[in-house]
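Here's the structure we're looking at; comments come further down.
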Number of protein chains: 2
Amino acid sequence: MTDRPYHHGNLRRALLDASAQLVGERGPAALSLREVARRAGVSHAAPAHHFTDRRGLLTALAAEGWGLLAARLEDTRAAGAEFAELGVSYVLFATEHPAHFAVMRTPGLLDDADPDLLAARDRANALLYAGAGVPESDRGLAASAGGRGRVLAAWSLVHGLAVLMQEGLVVPGPGEDVAAVARAVTAQLRDA
Amino acid sequence: MTDRPYHHGNLRRALLDASAQLVGERGPAALSLREVARRAGVSHAAPAHHFTDRRGLLTALAAEGWGLLAARLEDTRAAGAEFAELGVSYVLFATEHPAHFAVMRTPGLLDDADPDLLAARDRANALLYAGAGVPESDRGLAASAGGRGRVLAAWSLVHGLAVLMQEGLVVPGPGEDVAAVARAVTAQLRDA
DNA sequence: CGCGCATCTTGTCAGTGTCAACATTCAGAC
DNA sequence: GTCTGAATGTTGACACTGACAAGATGCGCG
């Protein structure tokens with residue numbers, strides 16, 4: 001019997017932090033509820049009361065990631081930066097929060113219908129579209145028409161670069177940093 | 001006792017096929033050696049003799065995917081298509097072989113030092129660079145210099161689009177097919 | 001023929017996710 | 001102040017998984 005109180009106080013936060021750390025070490029697929037519980041110093045079934053599932057825990061982590069990304073994009077937009085800098089922020093977010101970013105793009109492990117996840121994702125997406133100056137009415141599905149082609153290309157570009165960097169298929173050269181690579185790549189877009 | 005012969009004859013292939021199917025249904029993370037063995041009609045430990053590990057099986061599947069992609073790129077190049085069509089082929093490959101493509105980009109589950117995987121990956125990458133007309137001497141790491149910025153942008157673009165489509169974040173609009181979306185997006189690149 | 005080796009099976013072990021039943025603490029109604 | 005229900009955390013159990021060891025089977029080559 002330890003002298004630890006029966007109630008943790010902020011277990012949900014502690015579990016999310018431990019999860020992010022564990023994902024950073026071994027990847028989203030290797031996240032284990034029991035290991036997370038162990039690191040938070042609680043019993044193996046405690047996480048279920050906050051996240052029901054392994055899937056629920058990963059979904060909460062992904063939602064948190066989308067929220068962090070949205071906040072980042074809001075900051076650069078508030079700083080008066082132009083559209084291309086949003087892409088740079090996107091790539092920077094991915095390299096600064098690799099665990100969250102990794103979980104955000106493992107749809108097979110997530111509950112795609114979770115309201116919190118959807119809300120956070122929509123918030124970040126809306127910022128990207130708004131930053132590109134695409135009116136709400138023009139955000140339909142047809143990629144070839146209107147402003148969506150441009151936004152889709154830009155999003156694909158920065159998403160692809162972020163993914164390639166996280167997967168280690170692309171690394172900054174000597175004397176280069178992530179932002180420089182991101183700027184060099186976004187400069188290749190037609191409108192820039 | 002069934003009348004099935006003790007030796008399967010082509011178990012390795014059968015295991016790869018069953019794996020691709022299973023990955024297509026439940027994603028790479030949920031691939032189970034025992035389930036694969038069950039579908040191939042062999043005992044639960046049989047896969048270990050061909051792939052040693054779960055990691056080994058996924059690595060073999062990824063290598064096969066890179067080989068398929070390289071073959072696809074070679075075909076479109078042999079057809080005399082220009083560079084942008086390589087990107088379209090990249091996206092088409094991803095949508096036509098979703099299971100292989102999914103495994104190819106889950107580095108946490110793969111053995112990144114596997115010679116077969118590296119060879120297949122290099123072969124596909126070489127085709128992309130050659131298609132862009134970048135000389136071998138100019139394929140260094142510095143993204144901002146020389147031809148690599150263009151290739152990196154193009155690769156990021158099509159990779160990002162393929163990923164976004166596979167993850168369901170982007171779908172072709174009504175009356176659109178994947179190739180049309182891919183062409184609309186690649187057209188946004190500066191050189192096209 | 002027989003012998004070595006690749007192939008496949010069976011049995012076992014620790015670790016995991018999930019569920020059910022129970023213990024402890026909190027917060028509000030009276 | 002006390003009672004009571006809900007939230008939070010624990011313990012125990014079950015089926016499933018990956019991995020390993022030991023043995024069975026059959027192929028190929030001397």
Side-chain angles (χ1 to χ4, degrees), chain A residues 1-23 25-62 103 106-111 114 116, chain B residues 1-23 25-62 103 106-111 114 116:
Chain A
M1 302 288 251
T2 72
D3 50 24
R4 169 174 54 86
Y6 194 92
H7 284 328
H8 181 283
N10 203 354
L11 183 55
R12 186 186 158 90
R13 182 95 294 274
L15 290 172
L16 283 173
D17 291 342
S19 298
Q21 186 183 353
L22 188 54
V23 168
E25 294 171 14
R26 309 184 198 169
L31 183 127
S32 150
L33 282 182
R34 291 173 110 105
E35 176 67 21
V36 169
R38 232 172 275 133
R39 296 194 181 195
V42 291
S43 77
H44 69 261
H49 290 276
H50 292 272
F51 305 102
T52 56
D53 252 335
R54 193 178 104 103
R55 174 174 299 260
L57 173 55
L58 285 164
T59 301
L61 207 57
V103 174
T106 57
L109 300 179
L110 272 40
D111 175 12
D114 181 73
D116 291 343
Chain B
M1 302 289 250
T2 73
D3 49 23
R4 170 174 55 85
Y6 194 92
H7 285 321
H8 181 284
N10 203 355
L11 182 55
R12 186 187 158 90
R13 183 95 295 272
L15 290 172
L16 284 173
D17 291 343
S19 299
Q21 186 184 352
L22 188 54
V23 168
E25 295 171 13
R26 309 183 199 171
L31 183 127
S32 150
L33 282 180
R34 291 172 111 104
E35 176 67 21
V36 168
R38 231 171 276 135
R39 296 193 180 196
V42 292
S43 77
H44 67 260
H49 292 277
H50 292 272
F51 305 102
T52 56
D53 251 337
R54 192 178 103 105
R55 174 173 299 260
L57 173 54
L58 285 164
T59 302
L61 208 56
V103 174
T106 58
L109 300 179
L110 306 179
D111 175 12
D114 181 73
D116 291 344

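Chain letters run A, B, ... following the sequence lines, proteins first and then strands; every chain starts at 1. Below, all heavy atoms of this structure are taken into account, side chains as well, without hydrogens, waters or symmetry copies. Bear in mind that the values here come from a model prediction, so they are computed numbers and not experimental data.
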For residues [X] and [Y], determine if any side-chain heavy atom of one lies less than 4.5 Å from a side-chain heavy atom of the other.
X      : Y      : result
A:L110 : A:T106 : yes
A:P47  : A:L57  : no
A:F51  : A:V36  : no

Could you check how far [atom1] of [X] sits from [atom2] of [N], rounded to whole Å?
X     : N      : atom1 : atom2 : answer
A:L58 : C:dT16 : CG    : P     : 15 Å
B:R55 : D:dA19 : CZ    : P     : 9 Å
B:L15 : D:dG18 : CG    : P     : 13 Å
A:R26 : C:dT16 : CZ    : C1'   : 13 Å
B:F51 : D:dG18 : CZ    : P     : 14 Å
B:L33 : C:dC8  : CG    : P     : 15 Å
A:D53 : C:dT16 : CG    : P     : 17 Å
B:R39 : D:dT17 : CZ    : C1'   : 15 Å

Quiz prompt | Below 4.0 Å: OP1/OP2 of D:dT17 and any side-chain N or O of B:S32 | solution = yes

Quiz item: For A:G108, does its backbone N or O pair with a side-chain atom of B:R26 as donor and acceptor, under 3.5 Å?
Solution: no

Practice problem: Pick base, sugar-phosphate or nothing for B:L31, based on heavy-atom distances below 4.0 Å to the nucleic acid. | Solution: sugar-phosphate

Self-check item: Salt-bridge present (A:E25, A:R39; N to O < 4.0 Å)
Solution: yes

Quiz item: D:dA19, D:dT8, C:dT9: which one has an atom nearest the side-chain heavy atoms of B:H49?
Solution: C:dT9

Quiz item: Start at the 5' end of DNA chain C and walk down; is the nucleotide closest to B:A45 or to A:R38 reached first?
Solution: B:A45

Practice problem: Test for a donor-acceptor pair under 3.5 Å between the base of C:dT7 and the side chain of B:R12, counting only N and O atoms. | Solution: no

Practice problem: Indicate, yes or no, whether a donor-acceptor pair under 3.5 Å links the base of C:dG11 to the side chain of B:H44. | Solution: yes

Self-check item: Upstream residue (5' side of DNA chain D) when A:R34 and B:R54 are each assigned their closest nucleotide
Solution: A:R34

